[in-house]
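Below you'll find the structure, written out as structure tokens, and then a few comments.
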Amino acid sequence: MKILVCISHVPDTTSKINFTDNNETFDTNGVQFVINPYDEFCLTRAMWFKDKQGATVTVVNVGEANTEPTLRKALAIGADDAIRVNINPTDGFLVAKELAAIVKDGGYDLVLAGKESADYNGQMVPGMLASLSNFNFINGCVGLEIEGENITAVREIDGGNETVSSSLPIVIGGQKGIVEEKDLRIPNMRGIMMARKKPLNVLEATSSEAKTTTKSFEKPAPKGAVKLVDADNLDDLINLLHNEAKVI
């Protein structure tokens, strides 16, 4: 089984976010970038299939040269090889189209991608990739088993989980639950050293077609001041809730 895991290069969720150029450009200065958490869950599941079923695992990123340390980390976790499509990923359709070209040329059976990236939260790429590749598609996946050509997946729905069956080839949009946080793999020194020798192939983009452009960014309004009320002073609390917060 050939597995392709799509890797997004995203800011660490603890990073302080700022914008420049009249709030038109994301400021990367001082920002630590990591593997998108949803993609890391998928990569860990792919490693399980590699260990248990002898699958080969390729990781792919659509991005410029600054994303290569993130791909090297994925290789250190255990992926066999990596592909970087050399273009700035400004739009979900552009990313999906480039990934679809990789899928078409690579003969992959299973494509794993986080259900969304932790920066733009678009939830677009996995579905568009499946459509462009003419693959089956399951999103919000929190459980995945494969036996031969048959897929059994558990996906999260409103109020619970749903178990579905499908077949290869397929695109899976995964999230926490497809593996648990305790199962995530931390690269060890041997893995880091081996990652330096594994192939990282850089391909030029097939096109630069994008369906959307970013006009501007806006940060959330800062939180208001907090007033502390003594636990014994219930009258003051009721007065504040009624007259200032106006919630009662």
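Put simply, V5 and W48 are part of the same group of oily side chains (I, L, V, M, F, W, Y) that touch within less than 4.5 Å, one to the next. Hydrophobic clustering (side-chain heavy atoms under 4.5 Å, transitive across Ile, Leu, Val, Met, Phe, Trp, Tyr) groups L184 together with L71. In the hydrophobic clustering of this structure, V34 does not group with V31; members are Ile, Leu, Val, Met, Phe, Trp, Tyr whose side-chain heavy atoms approach within less than 4.5 Å, directly or through other members. V171 and I151 are members of different hydrophobic clusters when ILVMFWY side chains are connected at heavy-atom separations under 4.5 Å. Residues V95 and Y38 do not share a hydrophobic cluster, defined by chaining ILVMFWY side chains whose heavy atoms lie under 4.5 Å apart.
For I186, the CD1 atom is loosely surrounded, since the number of other residues' heavy atoms within 6.0 Å does not exceed 12. Taking a 6.0 Å sphere around NZ of K176, one finds it holds 12 or fewer heavy atoms contributed by other residues, nucleotides or ligands. When the shell of 6.0 Å around CG of N22 is examined, it contains 12 or fewer heavy atoms from other residues, nucleotides or ligands. For CG of N134, the number of neighbouring non-hydrogen atoms (other residues, nucleotides, ligands) closer than 6.0 Å is 12 at most.
Rounded to the nearest 0.5 Å, atoms CG (N88) and CG (L94) are 8.5 Å apart. Atom CG of residue N139 and atom CD of residue Q175 lie 8.0 Å apart, to the nearest 0.5 angstrom. If you take CD on E98 and CD1 on I83, they are separated by 12.0 Å, rounding to the nearest 0.5 Å. A distance of 13.0 Å separates NE2 in H242 from CG in L237, rounded to the nearest 0.5 Å. The distance from the CD1 atom of I248 to the CG atom of L241 is 5.0 Å, given to the nearest 0.5 Å. How far CG of D12 is from CD1 of I35: 12.0 Å, rounded to the nearest 0.5 Å.
Taking 4.5 Å as the limit, some side-chain heavy atom of T56 sits within range of a side-chain heavy atom of K2. Taking the side chain as every heavy atom from C-beta outward, I170 and L110 approach each other to under 4.5 Å. Residues T90 and T214 fail the side-chain proximity criterion, which asks for heavy atoms closer than 4.5 Å. Residues I7 and T70 have side chains in contact (heavy-atom distance under 4.5 Å, counting atoms from C-beta outward). V226 places a side-chain heavy atom less than 4.5 Å from the side chain of L228. Looking at heavy atoms from C-beta onward, F93 lies out of side-chain contact with M124 at the 4.5 angstrom threshold. You'll find the side chain of Y108 reaches within 4.5 Å of the side chain of T58, heavy atoms only. Using a 4.5 Å cut-off on side-chain heavy atoms (C-beta onward), L112 and L43 make no contact.
Residues I3 and A46 share a closest heavy-atom pair of CG2-CB, 4.0 Å. Between F137 and G173, the shortest heavy-atom distance links the atoms CE1-N, 4.1 Å. Among all heavy-atom pairs drawn from I146 and M1, the shortest one is CD1-SD, 3.9 Å. Residues A113 and C6 come closest through the heavy atom pair CB-CB, 3.9 Å. For the pair R84 and E64, the tightest heavy-atom approach, listed with the atom from each and the gap, is NH1-C, 3.2 Å. The heavy-atom pair separating V10 from N36 by the smallest distance is CG2-CA, 3.6 Å.
With N136 contributing its side chain and S167 its backbone, the two residues share a donor-acceptor pair below 3.5 Å. Within the 3.5 Å criterion, the main-chain N or O of F49 finds no donor-acceptor partner in the side chain of K52. Panel note: side chain K198, backbone A79; a donor-acceptor pair is recorded below 3.5 Å. Here the side chain of K219 pairs no donor or acceptor atom with the backbone of F19 at under 3.5 angstrom. The main-chain N or O of E204 is never found under 3.5 Å from a side-chain atom of N86 such that the two would form a donor-acceptor pair. Within the 3.5 Å criterion, the main-chain N or O of G78 finds a donor-acceptor partner in the side chain of K50. Here the side chain of S131 pairs no donor or acceptor atom with the backbone of G127 at under 3.5 angstrom.
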Would S208 and I87 count as a side chain to side chain contact (heavy atoms under 4.5 Å, CB included) here? Give the steps. CA-CA 8 Å; S208 57; I87 191 171; 4.1 Å; yes
Step by step, would you call N23 with S216 a side-chain hydrogen bond (donor to acceptor under 3.5 Å, both in side chains)? CA-CA 5 Å; N23 288 333; S216 66; over 6 Å; no
T67 vs N61, test: side-chain hydrogen bond (donor to acceptor under 3.5 Å, both in side chains). Steps then yes/no. CA-CA 8 Å; T67 69; N61 167 260; 2.8 Å; yes
Could you give me the CA-CA distance, side-chain angles and deciding distance for I138 and S166, then say whether side chain to side chain contact (heavy atoms under 4.5 Å, CB included) is met? CA-CA 9 Å; I138 299 172; S166 187; 4.2 Å; yes
Would you please test T20 and N29 for side chain to side chain contact (heavy atoms under 4.5 Å, CB included) and show each step? CA-CA 10 Å; T20 59; N29 289 322; over 6 Å; no
Residues D236, D230; criterion side chain to side chain contact (heavy atoms under 4.5 Å, CB included); working and verdict: CA-CA 9 Å; D236 280 356; D230 192 285; over 6 Å; no
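Between R45 and E145 there is a salt bridge, with a side-chain nitrogen of the basic residue lying less than 4.0 Å from a carboxylate oxygen of the acidic one.
Note on ring orientation: taking the six-membered ring where Trp is involved, the planes of H9 and F33 are parallel (angle under 30°, cut-offs 30° and 60°).
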